[in-house]
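Here's the structure, in structure tokens; my notes come after.
Naming: A, B, ... by sequence-line order, numbering from 1 per chain.
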Protein chains: 2
Amino acid sequence: MIRDEAADLPDGGAPKTPDRLRRRASRLLSQLTVRSDRLITEGLARADARKWHYAVLASLQEFGPGSQAELSRRSGIYRSDMVGVLNELTERDLVERAPDPDDRRRNIITISAQGRRRLRRLDKVLDDLHDELLAPLSPAERDQLVRLLIRLLDHHTQSS
Amino acid sequence: MIRDEAADLPDGGAPKTPDRLRRRASRLLSQLTVRSDRLITEGLARADARKWHYAVLASLQEFGPGSQAELSRRSGIYRSDMVGVLNELTERDLVERAPDPDDRRRNIITISAQGRRRLRRLDKVLDDLHDELLAPLSPAERDQLVRLLIRLLDHHTQSS
DNA sequence: CGGTACCGTTAGTGTCACTAACGTTCTCGG
DNA sequence: CCGAGAACGTTAGTGACACTAACGGTACCG
């Protein structure tokens, strides 16, 4: 008889996480991020996409075409990883990769019409997923959370 | 001349992250968690410790001795990874690992006096690190952040 | 007694952020 | 003009992490 997918940490009975742990912001962040990442990754996978597809498409839409290195800087994806992401995006015709005639080191990446459609679709998908992620919070609380996170992130990125 | 440690995404000039990305809670969480994890991991490394050492010691201190599987459930560390963590903790004499006479499948793990000292030390280290992590926020805001995160995490763990 | 479940342990997977090194191409100071 | 250094795209690899699979051994329950 097929068992129910193992589940090694099933959170059954009395989990009893120590309070010291429960209150540490660092732990809350990493635990929650694991869940959040899984939620988003799975949701995007259902739409045949990955987080980085969205990041690149969004960057192209908002700031126009650019070289791979430039996209890398805009989106926070390392240029070594950008290669594969762009391979996937060109495969799907969401993006066009053409050599820059003015600088033969560069490729110029352009979003396609289909890419723009896809971006709109992914925006909807992500809206829904965030609704699920932030379900327990009121709109005001969601806003507050986002503002707090932005302040923290800004603080730790400018001074890196 | 020796260059300044590469730094492949140096955030130089005009990074221009697309707004779509900047506002997504999922992205904020994962970006911030990368920074937070690095901060904590490096800080603990300076004290010859790792996050999991703290988690296990805290769990032992608050709920008393237990089997490896039980510690695993309390701390969220998989029991396959618990083995290595306990090896490190016993090496450092912070913890004692003894077979359970009443159930020969189990090991009973007990915190040592030295382990309790270490836990107090790590608590201080983590306090300082969290001060750094949450530096831009007022005490009230830190509290609010923690409360929001707890609510989200609880929501996504009970219904897992 | 026999099946099922739990124990500790070993090994392995996939993802992610990140580094190193390459050959090529551009830039710029001397 | 040319030569050093930097930026580009690309390939390969690292280490940490969450998680799965399978094992031999042990306990529990009908």
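A salt bridge does not link B/D143 to A/R23: none of the charged nitrogens lies less than 4.0 Å from a carboxylate oxygen.
Each salt bridge (Lys or Arg N to Asp or Glu O under 4.0 Å) pair with one or both residues in residues 109-119 of chain A, not counting sequence neighbours, appears once here: A/D48-A/R118.
Among all heavy-atom pairs drawn from B/Q68 and B/M82, the shortest one is O-CG, 4.1 Å. A pairwise comparison of heavy atoms in A/H155 and B/E132 identifies CE1-O, 4.2 Å as the closest pair. Of all non-hydrogen atoms in B/P65 and B/L60, the two that sit nearest each other are CA-CD2, 4.0 Å.
Put simply, CD1 on B/I40 is 12 Å from P on D/dC17, counting in whole angstrom units. Atom CZ in A/R104 sits about 5 Å away from atom P in C/dC26, given to the nearest Å. Rounded to whole Å, atom C1' of D/dG9 lies 10 Å from atom CD1 of A/I109. In this entry the distance linking CD of B/E42 with C1' of D/dG15 reads 14 Å, nearest Å. As rounded to whole Å, 12 Å separates atom C1' of D/dA27 from atom CG of B/D102. What separates OH of A/Y78 from P of D/dC8 is a distance of 15 Å, to the nearest Å. With rounding to whole Å, A/Q31 atom CD is found 8 Å from D/dA18 atom P. A/L29 has its CG atom 16 Å from the C1' atom of D/dC17, to the nearest Å.
When each of B/L57, B/L44, B/I77, B/L86 is checked for a side-chain contact (heavy atoms from CB on, under 4.5 Å) with B/W52, only B/I77 meets the rule.
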Can you give one letter per nucleotide of nucleotides 7-16 of chain C, going 5' to 3': B for a protein heavy atom under 4.0 Å from the base, S for sugar-phosphate only, - for none?
BBBBB----S
